[in-house]
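If you read the sequence from its start, that first residue is 1, and numbering goes on from there. For the numbers below, each heavy atom of this structure counts, side chains included, while hydrogens, waters and symmetry mates do not.
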Amino acid sequence: MMSELTIMAGPCAVENREQIRSTAEFLSGLGVKILRGGAFKPRTNPDDFQGLGEEGLKLLRAAADEFGMQVVTEVMDPREIELVSQYADILQVGSRNMHNGPFLKELCRQSKPILLKRGMSATIYEFLQAARYIEKEGNKNIWLCERGVRTFMDETRFTLNLGSIAVLKADSPYPLIVDPSHAAGKSAYVPAMAKGALAAGADGLLIEVHPKPTEALCDKEQALSFEEFSTLMKSL
Ligand code: PEP
Ligand code: MN
């Protein structure tokens, strides 16, 4: 089963060489081919860790190259598109930038695959129109990513929209990756939500994994440990 699935995994943020290298080594051992990790982080609180910037990109690239992996990482600022493109194989558009049409157009100058995350309050129509901004620039190399939406339910960080998986698979030609980590916000809920996403028709998963979740500088509550991640992979 795993060979048919696209798995993107890694820490929320790149923190240091050992953290990202050990994660890449572990993930590649399980057959994961795409390493994720943020170097520029969209944090709610401006005092929180914002990412290592270019140093993070270098560490991420080096770790991926050592273990024969591809890199997906977020670009947030149009001034950093060229820089991020020098290190990334896939450019991630975060939930907070999905609605930014001019930014999406600017990204297409790089002709790289784009992982487009759904805005946390975006309708499916708005999500698909955002994909059209990219498509209209001639880039059809788009991965859609459902990462949960805002609802009244606060036991999970967001609400994973299973219905949207069925709708997006029916209405869009693009592969669909589901991110149960940000949707759940708590590691204990990630495996069930990952399996539910695949049952609903997702083409792949984006999962946050950290060598020491309790010490993570970003999104520590939702990160899976290596052990939790291997157990999940075996069960898929
Ligand atoms: C992320 O993938 O680390 C991230 C910040 O996700 P989102 O844009 O979906 O919040
Ligand atoms: Mn995160």
Checklist entry - So among Glu106, Met76, Lys112, Arg109, which one has a side-chain contact (heavy atoms from CB on, under 4.5 Å) with Ile81? => result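 Result: among Glu106, Met76, Lys112, Arg109, Glu106 is the only option passing the side-chain contact (heavy atoms from CB on, under 4.5 Å) with Ile81.
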Next on the checklist: Which residue in the set Leu168, Ile124, Leu115 passes side-chain contact (heavy atoms from CB on, under 4.5 Å) when paired with Leu144?
Outcome noted: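 The single option meeting the side-chain contact (heavy atoms from CB on, under 4.5 Å) with Leu144 is Leu168.
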Over all atoms of both residues, closest heavy-atom pair of [X] and [Y]:
X	Y	value
Ile20	Arg36	CD1-O, 4.3 Å
Leu206	Pro180	O-CD, 3.3 Å
Met120	Ser95	N-OG, 2.9 Å
Leu104	Ala130	CD1-O, 3.5 Å
Tyr174	Lys140	CE2-O, 3.5 Å
Ala200	Ile165	O-CG2, 3.6 Å

Atom [atom1] in [X], atom [atom2] in [Y]: separation rounded to 0.5 Å?
X	Y	atom1	atom2	answer
Met69	Leu60	CE	CG	9.5 Å
Met8	Leu205	CE	CG	10.0 Å
Leu224	Ser181	CG	OG	6.0 Å
Phe40	Glu74	CZ	CD	10.5 Å
Asp203	Ile177	CG	CD1	6.5 Å
His99	Ser121	NE2	OG	7.0 Å

With hydrophobic residues grouped by side-chain heavy-atom distances under 4.5 Å, do [X] and [Y] end up in a single group?
X	Y	value
Leu176	Leu160	yes
Val71	Phe67	yes
Met193	Val178	yes
Leu27	Leu5	yes
Val72	Ile7	no

Tell me whether [X] contacts the main-chain N or O of [Y] through its side chain, where contact means a donor paired with an acceptor under 3.5 Å.
X	Y	answer
Thr156	Thr159	no
Asn97	Asn100	no
Gln19	Ala13	yes
Gln92	Lys117	no

Checklist entry - side-chain contact (heavy atoms from CB on, under 4.5 Å) between Lys195 and Leu236: does it pass, once the steps are laid out? => result CA-CA 7 Å; Lys195 289 179 228 173; Leu236 292 181; 3.9 Å; yes
Would you check if there is a donor-acceptor pair between the side chains of [Y] and [X] at a distance under 3.5 Å?
X	Y	result
Glu146	Ser164	yes
Arg118	Asn161	yes
Glu54	Tyr87	yes
His210	Asp219	no

Is the shortest heavy-atom distance from the side chain of [X] to the side chain of [Y] under 4.5 Å?
X	Y	value
Lys186	Arg157	no
Phe103	Tyr133	no
Cys12	Glu208	yes
Ser230	Leu30	yes
Leu232	Ile207	yes
Val209	Phe226	yes

Checklist entry - In terms of the angle between their ring planes, are Phe26 and Phe229 parallel, tilted or perpendicular, with boundaries placed at 30° and 60°? => result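 Phe26 and Phe229: perpendicular rings.
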Assess whether atom [atom1] of [X] is packed by more than 12 heavy atoms of other residues, nucleotides or ligands within 6.0 Å.
X	atom1	result
Lys212	NZ	no
Lys169	NZ	yes
Gln86	CD	yes

Checklist entry - Hey, mind stepping through Lys41 and Asp48 against salt bridge (charged side-chain N to carboxylate O under 4.0 Å, His left out) and telling me if it holds? => result CA-CA 10 Å; Lys41 294 304 306 174; Asp48 286 344; over 6 Å; no
Next on the checklist: Salt bridge check, Lys33 against Asp89: does any charged N sit closer than 4.0 Å to a carboxylate O?
Outcome noted: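 Salt bridge absent between Asp89 and Lys33.
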Next on the checklist: Assess whether a salt bridge exists between Arg21 and Glu66, defined as any Lys/Arg side-chain N lying under 4.0 Å from an Asp/Glu carboxylate O.
Outcome noted: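 Result for this pair is yes, salt bridge flagged.
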Item to check | Gln129 and Glu126: CA distance, side-chain angles, deciding distance, side-chain contact (heavy atoms from CB on, under 4.5 Å) verdict | outcome: CA-CA 5 Å; Gln129 295 313 302; Glu126 290 164 343; 5.6 Å; no
Checklist entry - Cation-pi between Arg43 and Phe49: NZ/CZ under 6.0 Å from ring centre and within 45° of the ring axis? => result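 So Arg43 doesn't make the cation-pi contact.
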Next on the checklist: Go through it in stages, so that I can follow the logic: the residues are Ser111 and Asn139, the test is side-chain contact (heavy atoms from CB on, under 4.5 Å), and I'd like the CA-CA distance, side-chain angles, deciding distance and then a yes or no.
Outcome noted: CA-CA 7 Å; Ser111 56; Asn139 188 347; 5.6 Å; no
Item to check | Test log, rule side-chain contact (heavy atoms from CB on, under 4.5 Å), inputs Leu107 and Val93 | outcome: CA-CA 9 Å; Leu107 272 185; Val93 176; 3.3 Å; yes
